[in-house]
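Letters A, B, ... mirror the listed sequences (proteins, then strands); counts begin at 1. We use all heavy atoms of the structure for the numbers below, so side chains are in, but hydrogens, waters and symmetry mates are not.
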Amino acid sequence: VGDVVLVKEDESFPCDLILLSSSRDDGTCYVTTASLDGESSHKTYYAVQDTKAYYTEQEVDSIHATIECEQPQPDLYKFVGRINIYMDNEAVARPLGSENLLLRGATLKNTEYIYALQSNKNVFLLITLLTFSTILILSWSGVPDFWPSWLGFTYLRLKDSHMEILNREDEIERFELLEVLTFDSVRRRMSVIVRSSTGELYLFCKGADSSIFPRVISGKVDQVRARVEHNAVEGLRTLCVAYRPLSPEQYQEVCHLLSGAKLALQDRDKRLAEAYDLIEKDLILLGATAVEDRLQEKAADTIESLHKAGMKVWVLTGDKMETAAATCYASKLFRRNTQILELTTKRTEEQSLHDVLFDLSRTVLRQHGGMTRDTFSGLSGDCTDYGLIIDGATLSAVMRPGQEDSNSGNYKEIFLEICRNCSAVLCCRMAPLQKAQIVKLIKASKEHPITLAIGDGANDVSMILEAHVGIGIMGKEGRQAVRNSDYAIPKFKHLKKMLLVHGHYYYIRISELVQYFFYKNVCFIFPQFLYQFFCGFSQQPLYDTAYLTLYNISFTSLPILLYSLIEQHINMDILKKDPSLYRDIAKNCLLRWPIFIYWTVLGVYDAIVMFFGAYFLFDNTTFTSNGQLMTTNTQMMFGNWTFGTLVFTVLVFTVTFKLALDTHYWTWINHFVIWGSLIFFVVFSLLWGGIIWPFLNYQRMYYVFMQMLSSGPAWLSIILLITASLLPDVVKKVIWRALWPTTTERIQNADKLYKGQLSEFTPLASLHAPLKASGHRRGSGNQRNAPNPR
Amino acid sequence: MVKQEKESANRPDNTAFTQQRLPAWQPMLSAGIVIPGFVLIGLAFIGIGVALFVTSRGIQVLEIDYTGVEQNSPCFPCTDENRKNCVCNVTFSIDTLFEGPVFFYYGLSNYFQNYRRYGVSKDDYQLSGDLDYFKAPSDSCSPYEYDKNNKPIVPCGSVANSMFNDTFKLFQIVNGAKKQVSLDGKGIAWWTDYNIKYRNPSVTPLKTAFNGTVKPLFWSKPAYELDPSDPANNGFINQDFLVWMRRAALPNFRKLYRRITDGDYAEGLPAGNYTLEVSYNYPVLSFEGRKKVVFSNVSWMGGKNEFLGIAYLVIGSMCVFMSIVMLIVYAKFKFPEED
């Protein structure tokens, strides 16, 4: 029930469609889903087998069929349905999967036209007619790359369900593609069933060595295994290929198993997995392939920098241990002097997991027991560096809730304790969900570290979502990771600048922003509070309404806004060159209680200075002006609004100057907003008090500001109170800078000395605080765990 | 194609601002700047402080509390609320010449002129001479808006109602005879209050503008008769009224009453005995208040105020002290730029 929709080449689908037939003989079509998920590659979709022969409108019209499918669901790549086709009064049921479903909004490429039906909610019938003349895009997990193009064989194309292969004699061999047992990350393999031109049936299977070897019954197993391991150590990604000849009876059985599973509307995935498990067995090993997967440029430099910045880098990968370890050496995650601790299936087979864990924890604790980890790992070459390798199976054993004895519940704790003492951790053979599990485990550990996950593949999504900060790398492996990330970067090496430069800057900026806002409002409101003690607690406002309204939005807003946008306390290049500067802001040290209390105390102090400064000038004395503006030699009294205006003037100048003292990076914009704010305040006050405002029913500010400025003592007290308010903070800054300088401050000093040329010719290490003097330093060795997949 | 277009569409502007490459001045609070700066500021402050302190010391102030709390004080009889038009004489003597021009204040203590509901109880439109508000004063004046006969009160509100109404005459005793010291009541209020903010209705005689209104409940004379000696000093622009209407910031305050600037006393009050004749009208004992008169002269920095001078001296010395502390720290721990 539905309308037949015709979609032409380069048109997008108006609704979700089931592909019934295409003009291509093999019933496939190519589609780009760029507008849905940003993947611009052409993907192959398949027509329903029984209808792919209908090429014309009339033929399509004659189809009589019903479609059943499950309710719509959020996952773009999941679809389970069934089509019943009635031919000659006989119903044929066919499975529908996501490979048959053309999503609304996707675009048909290189197609003349299609027909389709506008569908009802969950029962719909759709007829599509496609024409093709498109190129084939190789996909990592698709069928085509099954055959290597070396060894004299070249994979040509898939045509009419036949794979065409050019053999060494330049002849085309044709294999009919019968079934595809698609790849999934649990099985870690995929298979095809083909019929050769001579009519023999074969099942070919490729997959990770660990998923192939257990199912192999013959072939040069040992030889291939040795070769695979050798390749893995060199950092190559390996695949094993095996086959199994099928007799026609076996094939019938296979078909039966598969169609039964594929037609199921419930638990289809589970039943398919069971079917695959039954089919992919008794394999004969053919051999192995190895692909060099190059590290992204500057990956090693980036990881080293993160290390120096005090972050712990964890690599979570699905690769074999040997491959992963080689990658880790290449990326300098492990160095030559790193002592590798293994927590792998191989070891736990020999000893119990319990013993291995305790062994390892003893090893690391012996080394680290006596000393603090608060050192610069980059500099302290003398102490042993540990690197831990754990594989997926062992990890799940560690994570399993305790059963044997009471101690086993502590495995997680022991594992974390070991990890804490390792500078790098490599988790290999990880399933996607295990990656998220690890992130969760780290997040829940007692230091509550901030985690950052970075990855580029769909299998990193769960981890990216789980971590505090998720970063996706825009790469060739689709946009799944990017779409689920908080930040997307084009290359791994950009992580360095992102964290060490922009991360550092933004942390400095946001912490100043937050604390300064508290500070300036304490300064603002505390005098108002104090005034209540002197006005009979009558809620008499100290400041005029205009000042109350405009303080936060006009007089003191722009300087801090600009600070939080463009402050750079150290040059970008230095931050990049010296990752250890990041330790100065580790563990959220700028937003901790001591700093917050300092700001608050400073705010209260300033408020007290301002209020009581004005109070003692007014109380019991004749704080009066000469009144030169008006008549000579007259003494005139100042009222309550003059009192409030005096406090407010000191206040605006003090908080603005405080920010000016904190600003290290004065662009013309900073000058403009800081001095501009003060000028605006003065001009506004002159204007506000300069006119009898017709729309106001009170004129209490009339000439108050000008009267105040006409008084010499008022000027003197404004200058005095501003100075007194700023004095302690300046002294604190200077003395702290001398006695307990942070690395940041040392480098600032040196940078000043070299007039900004520091980054070019100074060995920054010489400026680092000696370990003794860094007693106050907040940084420590393992502030920030950054699980970092490859 | 699509991808390329998208990339260029999302590419941020390559400006110095968006790329955070604006040229910048990068100052630092290094000891080399701060220590000399502190010394300079400290010395300047000490200089100002000394000048202020010395000046303040040179200012003469004479304060006399005449509330009459003590039984033997001259104004004690007047504290009886039943006595009307009570006059008391306060005598005092001056040892040396009290240099002129001398300013004559009255002062009130424990008097919360800054109380919020008191402070809003006035009508600025009425006080600017708008006759509409003579007939219907603003609600803000309540409960001093209408009297019990529902006649509008002008000037309405608590502030005006509570206007200070003690008056003073000053005599010098010369050879047993009283010689009156002439007091100048002009120009004691803000020029803007007198000339712009407060206006009488432009009706002559002024009295007719007040037809149909009543004087504030506590006043003995209506607003247009506040100063019988000077017709221009009446209504809302009466100087004493203007001084009163400018609310004090704190509960203990002084307000300017008169200046002694002309006649025989332009040079100051000579040594001798004086009598202050107080017509005692203003009750303060019900709220534990105190009344006083203050004679003072002024300097370039205003009235006597030792706090400002002392504060300057303290802050200035602290600057110098801190610069010494910083210098010690500097010498002992070596600032990094000296490495």
Side-chain angles (χ1 to χ4, degrees), chain A residues 34 40 534-536 538-540 566 568 615-626 630-631 633-640 642-643 661 664-667 669 692 697-699 702-703 707 711-713 716-717 720 723-724 727 730-731 733-735 738-739 741 746 748-750 752-753, chain B residues 2-3 20 22-31 34 41 48 101 103 105 112 114-117 119 124-125 138 187-192 196-197 243 246-252 254-256 296 298 300-305 307-308 311-312 315 318-319 322 326 329-330 333 335-337:
Chain A
S40 58
F534 301 94
C535 72
S538 62
Q539 303 151 34
Q540 167 69 35
I566 57 184
Q568 297 179 19
Y615 175 85
F616 284 114
L617 290 164
F618 272 68
D619 185 53
N620 257 334
T621 62
T622 51
F623 177 61
T624 52
S625 88
N626 290 349
M630 274 44 96
T631 54
N633 214 13
T634 311
Q635 273 192 300
M636 285 173 293
M637 311 304 302
F638 284 156
N640 65 316
T642 312
F643 180 73
L661 285 173
H664 292 101
Y665 195 75
W666 286 79
T667 65
I669 307 177
I692 296 276
N697 59 4
Y698 54 83
Q699 304 295 341
Y702 186 61
Y703 255 69
Q707 275 285 5
S711 151
L716 287 175
S717 44
L720 174 82
T723 312
L727 190 69
V730 175
V731 171
K733 273 177 200 285
V734 172
I735 292 193
L739 292 185
R746 283 166 178 274
Q748 279 176 346
N749 290 342
K752 181 87 183 164
L753 202 65
Chain B
V2 177
K3 207 169 180 182
Q20 314 221 337
L22 283 175
W25 172 55
Q26 290 165 281
M28 236 184 344
L29 282 178
S30 59
V34 174
I41 292 174
I48 295 171
F103 290 75
Y105 305 86
F112 287 80
N114 56 8
Y115 199 82
R116 185 178 66 86
R117 298 199 38 193
D124 276 12
Y125 287 116
S138 155
I188 55 174
W190 287 23
W191 188 90
T192 47
I196 296 163
K197 190 170 160 183
V243 167
R246 185 147 295 274
R247 294 160 58 209
L250 297 165
N252 301 328
R254 291 179 197 169
K255 283 174 184 283
L256 187 56
S296 170
V298 298
W300 58 272
M301 52 143 295
K304 189 174 185 75
N305 184 2
F307 171 78
L308 193 59
Y312 259 98
I315 300 292
M318 271 170 63
C319 283
M322 283 303 166
M326 283 187 281
V329 170
Y330 174 85
F333 293 91
F335 279 62
E337 63 255 60

Non-hydrogen atoms of A:Ala724 and B:Ile315 that approach each other most closely: CB-CD1, 3.6 Å
OH-CG distance between A:Tyr615 and B:Leu250, expressed to the nearest 0.5 angstrom: 6.0 Å
Any residue meeting ring pair (Phe, Tyr, Trp, His ring centres under 6.0 Å) with A:Tyr665, in chain and number order, not counting sequence neighbours: none
Nearest non-hydrogen partners of B:Leu308 and A:Ser717, listed with the distance: CD1-CB, 3.8 Å
N/O donor-acceptor pair under 3.5 Å between B:Lys197 side chain and A:Gln699 backbone: yes
Polar side-chain atom of A:Gln568 near backbone of B:Gln20 as donor-acceptor pair, under 3.5 Å: yes
Residue part contacting chain B, namely of A:Leu716, when any heavy atom lies under 4.5 Å: both
Portion of B:Ala248 that has a non-hydrogen atom of chain A nearer than 4.5 angstrom: backbone
Minimum side-chain heavy-atom gap B:Ser138-A:Asn697 below 4.5 Å: no
Heavy-atom side-chain contact between A:Tyr702 and B:Ile196 under 4.5 Å: yes
Rounded distance [0.5 Å steps], OH in B:Tyr115 versus CD in A:Gln539: 8.0 Å
Among the listed options A:Phe643, A:Trp666, A:Phe534, the residue most often paired with chain B at heavy-atom distances under 4.5 Å: A:Trp666
Reported CG-to-CD1 distance for the pair B:Leu22 and A:Ile669, which is rounded to 0.5 angstrom: 5.0 Å
Point-to-point distance, once rounded to the nearest 0.5 Å, from CZ of B:Arg246 to CD of A:Gln707: 7.5 Å
Interface moiety of B:Phe112 toward chain A, non-hydrogen atoms closer than 4.5 Å: side chain
Nearest-0.5 Å distance, CE of residue B:Met28 to CG of residue A:Leu661: 13.5 Å
Distance-minimising heavy-atom pair for A:Gly639 and B:Ala249: O-CB, 3.9 Å
